[in-house]
There are 2 protein chains.
Amino acid sequence: MDESQLRQIRRFNRLVTRRVGALETNYLRRGRPLAEARLIFEIGADGVDVRTLRSRLGLDSGYLSRLVQSLKAQGLIELAKGGGDGRRRRVSLTRKGSAERAAYDRLSDRLAASMLEALDEAERGRLATAMGEVERLIRAASVEVAAEAPNSGDARRCLDAYFSELAARFEGGFDVAKDDSARADDMAAPSGLFVLARLDGDAVGCGGLKRTGKATGEIKRVWTAPSARGMGVARRVLRTLEAAARDMGLRTLRLDTNRALTEAHALYNKEGFRQIARFNDNPYADHWFEKRL
Amino acid sequence: MDESQLRQIRRFNRLVTRRVGALETNYLRRGRPLAEARLIFEIGADGVDVRTLRSRLGLDSGYLSRLVQSLKAQGLIELAKGGGDGRRRRVSLTRKGSAERAAYDRLSDRLAASMLEALDEAERGRLATAMGEVERLIRAASVEVAAEAPNSGDARRCLDAYFSELAARFEGGFDVAKDDSARADDMAAPSGLFVLARLDGDAVGCGGLKRTGKATGEIKRVWTAPSARGMGVARRVLRTLEAAARDMGLRTLRLDTNRALTEAHALYNKEGFRQIARFNDNPYADHWFEKRL
DNA sequence: TCCATTGTCTGACTTTAGTCAAGCATCGGC
DNA sequence: GCCGATGCTTGACTAAAGTCAGACAATGGA
């Protein structure tokens with residue numbers, strides 16, 4: 001790993017924890033313990049399960065319970081039984097709590113403005129751009145791609161989202177029933193593989209590998225959630241599948257794609273896939289690719 | 001102020017405090033209170049005055065004193081009388097303390113490496129570049145430019161550094177005695193102005209304004225410390241002086257510069273100064289500029 | 001139906017972080 | 001050689017943050 005890159009990251013980490021972190025922690029408490037302030041922020045407009053809060057903030061359940069009671073005593077939140085599971089509690093902001101949150105929002109804006117004050121217009125633009133880039137790449141770096149059963153809840157949700165996107169983007173719509181090229185069990189281990197990309201626990205992408213011959217496999221269902229685009233998720237999914245294919249002893253990888261999916265087209269080219277002649281009768285395919293491993 | 005820029009900064013702040021900040025604070029404590037860990041980091045290889053630590057970390061003197069005693073009890077640091085002033089205490093790391101610090105260094109490297117792991121080479125490069133840009137601009141934004149007596153300690157140090165840089169860069173060297181165009185009191189209020197740029201309390205740049213006629217002034221001694229270059233310090237100094245000139249009722253600003261100072265040349269052009277004919281007999285000047293206010 | 005698991009709550013703690021005021025030695029200027 | 005200011009230390013606090021174990025109810029699969 002490049003020494004100068006490590007040094008740059010360390011410098012950045014220190015600057016940012018000391019400058020931004022210190023400001024955030026001092027500014028945003030509004031005379032209230034920081035943990036409570038963070039909680040108000042995290043609860044948001046729609047309410048959350050206590051369970052979710054606990055894992056998101058990484059707090060001890062006893063500690064969190066007390067924080068929640070304290071906010072309730074202040075009239076800032078309400079507690080209700082959570083949906084299906086009678087053990088769960090759902091917290092949501094009261095009117096007063098929302099007002100408090102709005103006040104934090106304003107403070108947060110003021111803080112951001114104070115970081116821009118001394119800069120001129122050109123520098124502000126550059127700062128915003130560079131921050132956007134850092135943000136995107138840090139998030140990209142914390143995406144985890146791992147094998148998952150293709151019929152798990154998250155996997156199904158990804159595939160459904162993928163299919164409805166295809167239905168919206170393909171000229172003649174899309175009907176899974178007409179595309180029998182990859183059923184769930186085709187992509188199940190050991191003859192295939194299905195992977196999910198997760199960002200902070202949420203599924204944000206997927207992809208599958210299906211064995212089609214002794215040394216041939218096919219890539220299917222590569223998809224990225226709209227919220228995670230531009231972060232290289234699809235590329236990582238593709239590379240993970242490719243590595244698995246190598247491990248399975250495959251020598252050739254194939255895939256097909258529709259002309260409407262221009263990003264996919266570009267990705268496959270960039271990753272070394274070359275366009276070949278039609279190799280299947282998928283009614284939705286316009287282009288066929290192959291890569292020798 | 002641009003709404004989308006504010007939003008970008010808020011998103012960035014949140015991501016970075018939660019991801020980087022949380023990691024730093026949890027990773028780097030090594031079973032020790034965070035405050036102590038930070039102290040070890042801040043003491044560094046050469047040792048520091050307790051006084052300096054206090055202002056750098058913004059700690060209460062009683063609190064800091066106890067932290068220091070605790071580290072001493074653990075055999076990590078030594079306390080000695082500080083140089084000239086018998087009231088001061090100087091702390092330095094023992095062998096054991098240095099080892100501890102090295103362990104923090106390794107952890108910090110590992111943390112940085114973990115942020116790069118999932119990225120490919122191109123993305124790593126982009127991340128490092130963007131982080132560098134964010135760092136530079138955040139630092140730039142926290143530079144403060146303010147009036148200062150041209151004979152204060154910090155002002156003298158800046159001017160001396162400026163003069164020795166000129167001596168090193170000018171073809172025939174530089175001797176202040178031969179340049180009587182701006183003595184300290186020429187730049188003192190109310191007929192002139194001297195400003196210092198500070199970053200975290202350290203002087204990192206300076207510049208002076210000297211009245212040369214009823215409606216004419218001259219900019220002198222604009223300098224940026226090497227550690228703070230590329231952050232727009234000189235530009236801000238220049239703009240501050242220009243604003244002061246306007247307030248003093250001046251209509252014309254002039255300045256001269258040596259051909260060796262190419263960055264200065266570029267800056268003056270960019271800030272709207274136009275090259276004019278020689279207007280003084282400064283032996284070190286090669287170019288003369290003017291700007292109508 | 002039983003039972004291990006999960007989600008939440010409560011009580012009883014400890015540690016960390018930080019504040020405030022008083023005290024002592026040293027300094028710098030007069 | 002006096003005196004107010006400065007640098008550090010000490011004692012006596014408080015609040016925030018966090019841990020751990022036990023209790024209880026709801027859940028979900030055997």
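Order of the sequence lines fixes the chain letters, A, B, ..., with proteins taken first and strands second; residue numbering starts at 1 for each chain.
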Look at the side chain of [X] and the backbone N and O of [Y], then say whether any donor-acceptor pair between them is shorter than 3.5 Å.
X: Tyr104(B); Y: Arg29(B); value: yes
X: Arg32(A); Y: Ala37(A); value: no
X: Lys96(B); Y: Ile77(B); value: no
X: Ser164(B); Y: Asp160(B); value: yes
X: Thr94(A); Y: Leu76(A); value: yes
X: Arg236(A); Y: Val143(A); value: yes
X: Arg101(A); Y: Phe41(A); value: yes
X: Thr25(A); Y: Gly21(A); value: yes

_Sugar-phosphate, base or nothing in reach of Leu34(B), heavy atoms under 4.0 Å_ = sugar-phosphate

Rounded to whole angstroms, how far apart are [atom1] on [X] and [atom2] on [N]?
X: Tyr63(B); N: dT14(D); atom1: OH; atom2: C1'; result: 14 Å
X: Arg88(B); N: dT9(D); atom1: CZ; atom2: P; result: 13 Å
X: Leu59(A); N: dA16(D); atom1: CG; atom2: C1'; result: 13 Å
X: Arg51(B); N: dA5(D); atom1: CZ; atom2: C1'; result: 12 Å
X: Leu53(B); N: dG7(D); atom1: CG; atom2: P; result: 14 Å
X: Leu64(A); N: dT8(C); atom1: CG; atom2: C1'; result: 10 Å
X: Arg29(A); N: dA15(D); atom1: CZ; atom2: P; result: 14 Å
X: Leu57(A); N: dT19(D); atom1: CG; atom2: P; result: 13 Å

Please list residues of residues 67-79 of chain B whose heavy atoms come under 4.0 Å from any atom in DNA chain C, ordered by number; otherwise none.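 Listed by number, there are none.
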
Check your understanding: Less than 3.5 Å between a donor and an acceptor, one on the side chain of Arg66(A) and one on the base of dG18(D), is that the case here?
Key ->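 Answer is no: no donor-acceptor pair is held.
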
* Residue-phosphate contact under 4.0 Å: Arg89(A) side-chain N/O, dT8(C) OP1/OP2 ->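 No, because none of the side-chain N or O atoms of Arg89(A) sits under 4.0 Å from OP1 or OP2 of dT8(C).
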
**Prompt:** Are any of Arg54(B)'s side-chain N or O atoms less than 4.0 Å away from OP1 or OP2 of dC8(D)?
**Reply:** yes

Note: for Arg90(B) and Asp85(A) on DNA chain D, the residue whose nearest nucleotide lies more 5' is Arg90(B)

Pick the nucleotide of DNA chain D nearest each of Arg87(A) and Glu36(A); which residue has the one closer to the 5' end?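 Mapping each residue to its closest nucleotide by heavy atoms, the 5'-most match is Glu36(A).
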
Salt bridge (charged side-chain N to carboxylate O under 4.0 Å, His left out), paired with Arg90(A), selected from Asp46(A), Asp49(A), Asp85(A):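 Testing Arg90(A) for a salt bridge (charged side-chain N to carboxylate O under 4.0 Å, His left out) against Asp46(A), Asp49(A), Asp85(A) leaves exactly one candidate, Asp49(A).
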
End axis versus end axis in the helix from dT1(C)-dA30(D) to dC30(C)-dG1(D), the angle rounded to 10°, five pairs used at each terminus
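The angle separating the two end axes equals 30°.
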
- Item | Listed nucleotide nearest any side-chain atom of Pro33(A), set dG18(C), dC9(C), dA16(D) |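 The listed nucleotide nearest to Pro33(A)'s side chain is dA16(D).
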
* To do: Considering only NZ, NE, NH1 and NH2 on the basic side and carboxylate oxygens on the acidic side, decide whether Arg11(A) and Glu135(B) come within less than 4.0 Å.
  => yes

